[in-house]
Amino acid sequence: MSEGMTTSAWRPRSAWAGVARAGRHGRLQGEAGVRLTLGDGMGLATLIAADGQETALRQILTDRFGWSLPEPGGANVVGERGLVWSAPGQWLAIAETRHALDGLAEAVRGLAAVTDQSDARALVRVSGPCARMALSKGLTIDLHPSAFRTGQSAVTSIAHIGAQIWQRNEAPAYDLTVARSFADSFWSWLDHAAAEFGYEVVGTSGH
Amino acid sequence: MTTITLRRSEAGTAAVSPGRNQAFRTATGGLINRQRPLDFSFDGVRHLGFEGDTLASALLANGVRLVGRSFKYHRPRGILSAGSEEPNAIVELRTGARREPNTRATVAELYDGLEAQSQNRWPSLKYDALAVNAFAAPVFAAGFYYKTFMWPAAFWEKFYEPMIRRAAGLGRAANAPDPDTYDKAHAFCDVLVIGGGPAGLSAALAAGRSGARVILVDEDHQLGGRLLSERREIDFRSGADWAQEAVAELESMSEVRILSRTTLFGVYDHGAYGAVERVSDHLAVPSAHAPRQRLWRITAKHAVLAAGAIERPHIFGGNDRPGVMLAGAVRAYLNRFGVLPGRRVAIFTSGDDGWRTVADVAAAGGQVVAVIDSRSSVSPNLRREAEAVGARVIAGGYVSGTKGHLALKAIDVVDTYGSSETIACDCLAMANGWNPIVHLDSHLSRRPVWNEVIQAFVPGALPSGMAAVGASAGRLTLAECLKTGAQAGAEAALALGFAAAARDTLKTDPEGIAHTPLWRVAKPKGKAFVDFQNDVAASDVELAHREGFRAIEHLKRYTTLGMATDQGKTSNLAGLSIMAELTGQAIPSVGTTVFRPPFTPVAIGAFAGHHRGKEFRATRHVPSHAWCEEQGAVFVETGLWLRPAYFPVAGENDWMQTVNREVNTVRSKVGVCDVTTLGKIDIQGRDALALIERACANPFGTLAVGKARYAVLLREDGFVMDDGTIARMSDTHFVMTASTANAAKVMQHLEFCHQWLWPDLDVQMVSISEQWAQYAVAGPHARDTLRDVIDPGFDIGNEAFPFLACADVTVGGGIPARLFRISFSGELAYELAVPAAYGDAAWRAIMQAGSQYGITAYGSEALSVMRIEKGHAAGAEINGQTTARDIGLGGMLAKKKDYVGRLLKERPALTDPDRPILVGFHPVDPAQRLRAGARFLAVGASPSLEADEGYMTSVAYSPSLGHWIGIGLIRRGPKRHGERVRAYDPVRSADIEVEICSPVFVDPKEEKLRV
Amino acid sequence: MRIRCSHCGERDNGEFSYLGDATLARPDGMEADAAAMYDYVYLRDNLAGEHRELWYHGAGCRAWLVVTRDTRTHTISDVSPARDVARTRRTGEAA
Amino acid sequence: MRYSVFSVLGQALRGQRDWKPQWRDAAPRTEYDVVIVGGGGHGVATAYYLAKEHGITNVAVLEKSHIGSGNVGRNTTIVRSNYGLPGNIPFYEQSMKLWESLEQDINYNAMVSQRGVLNLYHSDGQRDAYARRGNAMRMAGIDAELLDRDGVRAMVPFIDFDNARFPVKGGLLQRRGGTVRHDAVAWGYARAADQRGVDIVQNCAVTGIRRDNGRVVGVETSRGFIRAKKVALSVAGSTSLLASMVDMRLPIESHVLQAFVSEGVKPLIDTVMTFGAGHFYVSQSDKGGLVFGGDIDGYNSYAQRGNLATIEDVMEGGMALWPGLGRLRLLRHWGGIMDMSMDGSPIIDRTGIDGLYLNAGWCYGGFKATPAAGFCFAHLIARDAPHADAAAYRLDRFATGHLIDEKGMGAQPNLH
């Protein structure tokens, strides 16, 4: 199936297509306070442990993928791959491309249900000196280093839109996802929130 | 008393001469920038002020004392205070769409070009026609309107009420869309310090030095609180200098955030606080990308309340005359703003604190004409100091009345022997003690308690994690403010595990706070006001007492005392004290008023933030949205979704023409519709089927892999919750759809069933609504169209893939997809699900593939027409008031399993054979139009509730039949096919005869969908 | 109001939706009778005081929670995952 | 003294000296024919109609605080009879008719202002649901008009027609709906009941309900035992607490509903308007403040205050509908405790206990019902049979399925 995909004439459309424009926006003076990198084409899948199978699942993920299953509120992401805690017994698996997760369902059969979500989310990486302040306009969780650090994640909402966020590094940089159908509205909020700091958009804007 | 000179602004002396009319500006002094003159206007007259001024201080500097008219009697009013408690000096600030009525001049920062107007007067502030009300004051006593305006009854709305409404109200709202933007932010801290005066600064320093995360909030633009307004000394420097150093130190701490121009307006449960930051209100217009205001939601582990205290006025005749001010305000104007509130100042005090005004007036070049102290015994030192500057001292006396029309000219003073005299003055400073600000600590339903020493309410027991300090805790001296603040800051930090180091006690100059409040003067001359803004006088409190309104809430509501924009900050206790006197009770026995948020009024826009206009709620777009936009689709809001409603093409000039074409094309050729908005839930696991069986009212045990089935869910009360389909992808894997409107609700319900009702079921459930774009391809050529979209090798023919089949397929050369043979339209139809990123491509591929068959895109309107033609229930029928039986689904309910809603659906009223049941309707005259919402009644019956037999739920013009059709609920419907009834629709002036028929109008034998 | 989700930590109450009394047990199975079901669906103690109640962390981890909260003061003394509470209860019933 | 323009003018000349308390602050006697628990609007109205309609004057209203200290003084003052279900329609219309003659009846100006109640709709589905409701009203002889967009624009031109997330498409208007000065209703009824001999007893908390042989014989109070032939509960917000004194569980939860008032401004809006796409409704008081509200906070509560999430939700609704509100300031917000019933409709019925009567479950609609609730409850107490207009408000309807669920939300009180 996966081999077939590479030959497809169909082009995927980025969740940000027609929504985000690359370049500098908002306040133009000085360094941009917020840097927004658009994620695209990543592989995402929900992984839900069957009752009583969490230990076995943990083992197999380590053995087969080198992944460790994060605790509640955790995110074990290295580079563009890893697992982000989403709910009790439930994680979001992340990989560079949608195909990179192709073998996951088979590998954990009987231990966990795997559901492809590669298309379900719009992902943006938020960094820059004012990233925290900009995000705090919509997020109702505390991003201060004493409360939220690299390797931590949260499922929450941002400006009435459901969101999942995890911290990638101490810069800090955050990966933030919202449901795909909300991309336009989410961006409108993000623009409003980041404009006073000046922000720069990097990455694809779709075809 | 040590006298300390305030830090003078650098260019105080000669560089800039006082502005054109700043006749009352002192030559030097004040925390204003005399190098930055600011142009402003009041009632169209231009004046100059300085940076650092408030509108009130700038007006006083220019000798403007009359600033408004009172609410009821339109009495001339001036400036009473220098802070946010101001009841009198409220103006309309700005113009046009930015006009802000009821703005307190005492806290409005001056900016260049500021325009303000007085309000509640006509034609002008000086000559206000409604000032005649003052002569009718004997009639307009508290509550007079409850006793009259009743005859004739019809006159209320037409005459009395409009008259009262026009006279009432204060300023005029702009009532144009607010051109500015608002922002929200969420902040978290260990210690929240509310108030940036000496107590708050001390608390913030103590907590901040420990490393705790501190947020310090102050409503002023400059921190320091009363230190800015008093000539006080801390550790041998001026209080203002000390405050500046404290702020500098706080600013150097990385974990301390200072929010100035920010009012902490409300305390909510579990450490949640609301604050509003006036980001741009000190500017003519906000700068680019900056909001006007920002609403802060602060979550704090501990809070230190250091909000200060509010000075109390005296209650005597004419105490509302412009020129009568709080003594602390007089000192604020003198010391902080370099303004003389009057040249000849009298002081009326009931405590030592008021005497502080004497030296300040003198130092600023004013004349103190008299000090009237209601206490008969006055300290010789105070007396000596006053007499040294030429003031008369009248101990044991009181001010009984005032003279002057638009401004104070003299006061009537009664001395201790009862003889009265008149003393000329243009400013009277009142000092009757201070009321701690106990507002915030009572937001969580805590009652303040009475403190005999300071004769005021102080915070009672506070919720854990909250401490009150300084003046707001009734610790009124500067030394106590510094001490209690530092203590509470350190304690809060310690409690949270931060090591807080104790510092040396700060030295302050001595101060006297001896005080014996005078709740009201014995014999006032003229109306003695308690609530200035609402024109509630002492006599109104007496009337309320006479009429039995003695409980504090009764007093407030009957007289409106404390209900004005200042919420009684200067009047509540005065009202209480008079009632106490009248009822012979102690003040706390009368009651305490309940302080409600917000502390001071907050712009509604700030609460809404970004969420207004189009951004009120998020908009969800379907995967085909870009194509729909390209095609000029007309969209419709469906919950949060924006769905294409129909797709007009050239030559079509009304929506019905378009929809008819779409329906006809589907029924004769093929069409495609974006149904992504349906909720989609992935259900896997050993017990997936068991959960489905318990959640759904119809049986699923027999559902084979590769098959889909209609599903109906009931609420536990037996009414229909939602319907959808469930497809079995494997033994342990199901995909369920829910209606667009109920998608989230169904997901929540299934989680409830799983987590709470049947926790032992091993089920893994997740929403896949966003993962899959889902398109209905319907019509005789649906299969032909899809054959070109689905990869070769998948047999979607009728035998291999019959009605209600489902399967995994691939499209576009290897892209995984799901195909369901289900039909909402009644045609041969499929729903194709593709990964959402390929939704756009898939849609275009379907349009391309179907073009040879004349495919059309169809929207929610055509979808709705076709489902009505097929008699399928949707939102209008599944409205929470209908049972499965009501909507014709009774027959499919399972009999041999337990499921949600099983028992209660059998209640007598729900199985009553007389209940309205879903049937079809068509107009007897085919030319007539049907309307949903019409009520059914027998032909010839006269309309009444008893005659009501049900109502039309959904209607459509059926292009297939060439006339309007409807479905609806009518008593015993299925037994009445062929009967004629009236569809009565008086709200749209319609009343037509309809015939009851089967709800399935098209292809009742379902031949089309099984081919 | 802030609720400390058993899984996510403290969140604003806007992230949750409320269902109600968590001390009620659904009369399960074909043997259950309508009177018991009526009682379960409609009647409430509606306590003024400590109240065990169901909340759903819909904008978070989608867990149902049993929150013990004083309805007079809103003070929350305990939050537990509903599924754990329900399992324990069923075990208790079985025992 | 009878209230009139003449007495007001007369007293103006006498320095308002001769006014008497509007009702006696009665001390409780040892026995009454009827004891009404709860001195809110419903309680005093019930006492008034017991006296006026049924000649029963040996009545006490027991109020734990002062008259009108509960929801009658905390609501957003709206009155209307625009209901859609047959169980509700005659009752609320009776209430509306009583409002229309109230002031002359009780000689108290409660400022009944029939300025219209306009419910906006934003979709075809909502329009049809309003048509369904409006048609039912019209069939019952009640005024209802379905306005289109232009009709709405003529009434409230300042709302957002051009940039709205959920554009306004029209509205259902009941012109006879409007507002009433809430406190005055409680005071006016208390005064009128008092004049007919009813004892208004304030600061008297009921702590127990005494029974003898399954029959109520009186109430224990903070001021002693009071014997009564009949006891009538009218304590919305606290109903379950009183019911628990006789071991009764009810289909009711107590929830907090917040209300809001802005600073006073000159007249802006002269109707009552309800947003159909968010939680917001608004009118303007005669004093100038915009009075507005939204949804309940949604959790059981006996604390008279709410939280920020709901406040923001209401304000967002307000700004979305009426962008000119931005610079107007919120002056005060507060919470009241509602009896939220399981189908969103009230209960006026006997209980399983002889001599104990129940008036409860008003959700957030009790104020508009005050006159009819008093009228029908008095009827029930006096005759031991329900008044025809309130016959549907039975306590057993949840068991029989005769629900009166206007919103179709089912047995979840916080959704009604």
Side-chain angles (χ1 to χ4, degrees), chain B residues 100-102 138-139 141 144 146-150 157 161 164-165 168-170 172-173 175-178 268-269 274 445 543 546-548 551 554 557 565 596 601-605 607-608 611-614 616-617 637 715 717 879-881 907-910 932-933 935 943 945 948 951 986-987, chain D residues 3 5 8 12 16 19 21-22 66 86 89 103 108-109 113-114 128 131-132 134-135 138-140 144 146 158 163 165-166 183-184 263-268 286-288 303 307-308 312 315-316 318-320 323-334 400-402 405 408-411:
Chain B
E100 295 154 31
N102 309 331
V139 181
F144 78 97
Y146 298 126
K147 298 169 183 154
T148 182
F149 298 136
M150 283 179 272
E157 286 89 349
E161 185 174 55
I164 289 171
R165 288 192 67 191
L170 290 158
R172 301 160 304 151
N175 203 15
D178 189 342
Y268 302 92
D269 285 316
S445 313
L543 177 61
R546 205 169 295 141
E547 295 197 84
H554 274 164
R557 288 159 185 263
T565 65
R596 302 281 185 185
V602 180
I604 290 170
F607 283 102
H611 299 289
R612 52 190 279 202
K614 294 278 190 215
F616 166 50
R617 289 291 176 260
E637 297 79 15
R715 300 188 309 228
D717 67 357
N879 59 10
Q881 299 169 323
R907 283 177 287 174
L910 306 193
R935 316 288 312 202
L945 280 184
D948 185 24
Y951 63 98
V987 295
Chain D
Y3 291 165
V5 66
V8 166
Q16 315 280 352
W19 297 115
Q22 298 203 348
H66 53 270
I89 290 173
E103 292 152 321
Y108 208 92
N109 186 359
S113 171
Q114 294 184 282
D128 294 342
R132 172 191 169 198
N135 285 333
R138 292 280 286 269
M139 285 174 80
L146 195 67
F158 43 81
N163 187 42
R165 171 71 181 82
F166 300 103
D183 290 325
E263 292 182 347
V265 286
K266 293 293 178 195
L268 281 177
D286 287 345
K287 202 159 164 283
N307 275 291
L308 270 170
E312 288 178 271
M315 305 293 162
E316 286 169 7
M319 277 298 278
L325 293 182
R327 304 179 93 83
L328 231 75
R329 301 187 197 95
L330 172 68
L331 177 62
R332 192 173 151 90
H333 69 81
W334 64 93
T400 62
H402 289 95
D405 186 351
M409 286 300 172

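A note on names: the letters A, B, ... follow the listed sequences, proteins ahead of strands, and every chain is numbered from 1. When reading the values below, keep in mind they use all heavy atoms of this one structure, side chains included, and skip hydrogens, waters and symmetry mates.
In this structure, chain D has heavy atoms under 4.5 Å from both the backbone and the side chain of B:R557. Heavy atoms closer than 4.5 Å to chain D are found in both the backbone and the side chain of B:Y146. Contact annotation for B:A551: only side-chain heavy atoms (C-beta onward) come within less than 4.5 Å of a heavy atom of chain D.
Taking both residues in full, the closest heavy atoms of B:A603 and D:G326 are given as CB-O, 3.5 Å, listed atom of the first, atom of the second, then distance. Annotation for B:L910 and D:G401: closest pair CD2-O, 3.7 Å, computed over non-hydrogen atoms. The shortest heavy-atom contact between B:V987 and D:N135 is N-OD1, 3.1 Å.
Between D:H66 and B:H554, the ring-plane angle classifies as perpendicular under the 30° and 60° cut-offs.
Every residue two or more places apart in sequence or in another chain that forms a salt bridge (charged side-chain N to carboxylate O under 4.0 Å, His left out) with D:D286 is listed here: D:R115. With sequence neighbours excluded, the residues that form a side-chain hydrogen bond (donor to acceptor under 3.5 Å, both in side chains) with B:R172 are B:E92.
Looking only at heavy-atom pairs under 4.5 Å with chain D, the residue among B:A608, B:P908, B:P986 that has the most is B:P986. Listed options B:D717, B:I604, B:I164 were ranked by heavy-atom pairs under 4.5 angstrom with chain D; first place goes to B:I604. Considering only heavy-atom pairs separated by less than 4.5 Å from chain B, the leading option among D:A303, D:G410, D:A411 is D:G410. Top candidate by heavy-atom pairs under 4.5 Å with chain D, chosen from B:P138, B:G605, B:P601, is B:P601. Here B:V602 is the residue among B:L945, B:V602, B:L543 with the most heavy-atom pairs under 4.5 Å with chain D. Ranked by heavy-atom pairs shorter than 4.5 Å toward chain D, the options B:G613, B:A141, B:P943 are led by B:G613. Between chain D and the options B:R165, B:E161, B:H611, the largest number of non-hydrogen pairs under 4.5 Å is found for B:R165. Chain B forms the most heavy-atom pairs under 4.5 Å with one residue out of D:R332, D:Q114, D:M319, D:M315, and that residue is D:R332. Ranked by heavy-atom pairs under 4.5 Å with chain B, the list D:R138, D:M409, D:E103 is led by D:R138.
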Residue pair B:F607, D:L330: steps toward the side-chain contact (heavy atoms from CB on, under 4.5 Å) verdict
CA-CA 9 Å; B:F607 283 102; D:L330 172 68; 3.7 Å; yes

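Side-chain contact between B:K147 and D:W19 is present, with heavy atoms from C-beta onward closer than 4.5 Å. Counting heavy atoms from C-beta on, the side chains of B:R907 and D:H402 never come closer than 4.5 Å. Using a 4.5 Å heavy-atom threshold, the side chains of D:F166 and B:R617 count as touching. Side-chain contact between B:L170 and D:E263: absent, with no pair of heavy atoms (C-beta onward) separated by less than 4.5 Å.
Side-chain atoms of B:Q881 come within 3.5 Å of backbone N or O of D:D405 as a donor-acceptor pair. Using modelled atom types, one side-chain atom of B:N102 and one backbone atom of D:G264 make a donor-acceptor pair closer than 3.5 Å. Although no hydrogens or angles enter the test, the distance criterion places no donor-acceptor pair under 3.5 Å between the side chain of D:K287 and the main chain of B:G169. In this structure a side-chain-to-backbone donor-acceptor pair under 3.5 Å is missing from D:D128 to B:G933. Looking at B:E100, its side chain never comes within 3.5 Å of a backbone N or O of D:R327 through a donor-acceptor pair. At least one donor-acceptor pair under 3.5 Å links the side chain of D:R329 to the backbone N or O of B:P101. Not one N or O on the side chain of B:N879 forms a donor-acceptor pair closer than 3.5 Å with the backbone of D:G408. Looking at B:R935, its side chain does come within 3.5 Å of a backbone N or O of D:R132 through a donor-acceptor pair. The backbone N or O of B:F616 lies less than 3.5 Å from no partner atom in the side chain of D:E316, so there is not a single donor-acceptor pair.
Annotation: the span from B:Y268 atom OH to D:L308 atom CG amounts to 4.5 Å, rounded to 0.5 Å.
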